[in-house]
Amino acid sequence: MILSGAYVGDAQEQAIQRDIQVSDALHPIAKGFSAEEVIAFAPAPSGSEYKINVVEELGKDEGSVAFVRGPASEKAGTPSIFTLAGESGGTRVVFMGFTVYLLPEAAKGRLVLNTVEWLLAAGA
């Protein structure tokens with residue numbers, strides 16, 4: 001399952017996000033991205049910046065963070081893309097705490113393909 005959007009989840013805080021940064025270059029959904037690579041968002045169609053829900057830090061057993069808010073974002077370093085893998089049944093969830101269309105085309109395509117590949121590998 002993929003959950004993506006600026007207001008997905010129940011957040012206590014919102015802050016402007018302008019970019020993402022690779023935090024775990026070894027995670028399968030970060031394949032093809034460089035360690036600590038920063039990816040700036042494309043301009044929003046509305047022309048204005050969005051306050052996006054801030055994901056709180058995850059506990060050790062709450063998932064794996066692959067990307068964080070980048071250095072140009074408010075609340076830089078907090079989780080932006082994280083994954084959850086269930087112990088039973090191969091359930092996998094990818095949470096993207098922003099709207100994917102804000103990524104540049106090349107990064108968006110790579111991220112989506114990596115995500116789908118990781119999700120489909122659940123049963124393999």
Side-chain angles (χ1 to χ4, degrees):
M1 174 185 305
I2 299 173
L3 299 172
S4 174
Y7 309 108
V8 175
D10 184 26
Q12 300 295 320
E13 182 177 11
Q14 294 179 344
I16 293 173
Q17 185 171 357
R18 298 177 183 99
D19 54 1
I20 59 173
Q21 183 172 15
V22 175
S23 63
D24 181 0
L26 298 177
H27 194 289
I29 68 170
K31 183 174 72 177
F33 294 98
S34 303
E36 299 187 28
E37 180 178 347
V38 175
I39 304 155
F41 286 168
S46 67
S48 60
E49 297 181 306
Y50 295 121
K51 283 193 171 186
I52 295 172
N53 283 355
V54 176
V55 177
E56 295 180 20
E57 291 297 326
L58 303 178
K60 284 188 172 195
D61 297 329
E62 292 183 315
S64 178
V65 178
F67 292 82
V68 295
R69 285 173 173 251
S73 298
E74 295 175 356
K75 298 294 184 176
T78 57
S80 190
I81 301 176
F82 66 93
T83 60
L84 302 168
E87 295 291 322
S88 62
T91 303
R92 290 185 174 193
V93 179
V94 177
F95 178 93
M96 297 181 184
F98 59 91
T99 50
V100 177
Y101 67 77
L102 291 174
L103 290 174
E105 287 300 317
K108 178 176 30 183
R110 183 178 317 139
L111 179 64
V112 169
L113 290 174
N114 289 349
T115 300
V116 170
E117 185 176 309
W118 181 78
L119 288 169
L120 294 176

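- Ring planes of F98 and F41: tilted class, angle from 30 to 60°.
- A side-chain contact (heavy atoms from CB on, under 4.5 Å) with I2 is found for exactly one of L119, V100, V93, namely L119.
- In this structure a side-chain-to-backbone donor-acceptor pair under 3.5 Å is present from S23 to A66.
- Side chain of Q17 to backbone of D19: a donor-acceptor contact under 3.5 angstrom is found.
- Contact of the Q21 side chain with the P71 side chain is registered, since non-hydrogen atoms from C-beta on lie closer than 4.5 Å.
- A donor-acceptor contact shorter than 3.5 Å links the side chain of S46 to the backbone of S48.
- Taking hydrophobic clusters as Ile, Leu, Val, Met, Phe, Trp and Tyr residues chained together by side-chain heavy-atom distances below 4.5 Å, L113 does not share a cluster with I20.
- Rounding to the nearest 0.5 Å gives a distance of 13.0 Å between CG of L26 and NZ of K31.
- Note that OG1 of T115 is 11.5 Å distant from CZ of R92, once rounded to the nearest 0.5 Å.
- Here the shortest heavy-atom pairing between R18 and S73 reads N-OG, 2.8 Å.
- Residue L111 comes nearest to I29 through the heavy atom pair CD1-O, 3.7 Å, listed as atom of the first residue, atom of the second, then distance.
- Under the 4.5 Å side-chain contact rule for hydrophobic residues, Y101 and I16 do not share a cluster.
- Rounding to the nearest 0.5 angstrom, the gap separating the CG atom in N114 from the CD1 atom in I81 is 10.0 Å.
- Taken to the nearest 0.5 Å, the CZ atom of F95 stands 12.5 Å off from the OG1 atom of T83.
- Closest non-hydrogen pair, I39 versus F67, comes out as CD1-CE2, 4.2 Å.
- To the nearest 0.5 angstrom, T91 atom OG1 is 10.5 Å from L84 atom CG.
- Annotation for G32 and R110: closest pair O-NH1, 3.2 Å, computed over non-hydrogen atoms.
- Annotation: K75, atom NZ; neighbour count of heavy atoms from other residues, nucleotides and ligands within 6.0 Å does not exceed 12.
- Here the closest heavy-atom approach between residue R69 and residue E74 is recorded as NH1-O, 3.1 Å.
- Looking only at side-chain heavy atoms (C-beta outward), Q14 and N53 come within less than 4.5 Å of each other.
- The two residues P104 and A40 make their nearest non-hydrogen contact at CD-O, 3.3 Å.
- No path of Ile, Leu, Val, Met, Phe, Trp and Tyr side chains, each step under 4.5 Å between heavy atoms, connects V68 with V38, placing them in separate hydrophobic clusters.
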